[in-house]
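Step one of this worksheet: look at the structure below.
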Amino acid sequence: MDALIIKSKNLADLNLIKELVSKMGLESKSLSKEQIEDLGLALLMKEADRSKTVSRESVMEKLQD
């Protein structure tokens, strides 16, 4: 099943879209700004190249900078 994310400019438009979706018998869910950011981060993490490794020393050196 696919999903559609719509970002509204105002609450009135968002409520109109929610009402239309409901009348069509479809399911909807509102996401907070934090949830949208979490979703974006999760997508980036999924696409990340995990085949390379980094030494502990390299990480500790970066943390001290």
Item to check | Pairs satisfying salt bridge (charged side-chain N to carboxylate O under 4.0 Å, His left out), at least one member in residues 22-32, at least two apart | outcome: E19-K23

Please output the side-chain donor-acceptor pairs of residues 2-15 that fall under 3.5 Å, not counting sequence neighbours, one pair per line with the distance.
from: S8; atom 1: OG; to: N10; atom 2: N; distance (Å): 3.2
from: S8; atom 1: OG; to: N10; atom 2: O; distance (Å): 2.5
from: S8; atom 1: OG; to: L14; atom 2: N; distance (Å): 3.4
from: N10; atom 1: OD1; to: A12; atom 2: N; distance (Å): 3.2
from: N10; atom 1: OD1; to: D13; atom 2: N; distance (Å): 2.7
from: N10; atom 1: ND2; to: D13; atom 2: OD2; distance (Å): 3.3
from: N15; atom 1: ND2; to: L11; atom 2: O; distance (Å): 3.3

Checklist entry - CD1/I17 to CG/L20 distance, rounded to the nearest 0.5 angstrom? => result 8.0 Å

Mind listing the side-chain donor-acceptor pairs of residues 50-60 below 3.5 Å, one per line with the distance, residues two or more places apart or on another chain?
from: S51; atom 1: OG; to: D49; atom 2: OD1; distance (Å): 2.6
from: S51; atom 1: OG; to: D49; atom 2: OD2; distance (Å): 3.4
from: S55; atom 1: OG; to: S58; atom 2: N; distance (Å): 3.1

Hey, can you pull the donor-acceptor pairs under 3.5 Å for the side chains in residues 33-40, sequence neighbours left out?
from: Q35; atom 1: OE1; to: S32; atom 2: N; distance (Å): 2.8
from: Q35; atom 1: OE1; to: S32; atom 2: OG; distance (Å): 3.4

Checklist entry - Listed by chain and number, what are the salt bridge (Lys or Arg N to Asp or Glu O under 4.0 Å) partners of K46, not counting sequence neighbours? => result none

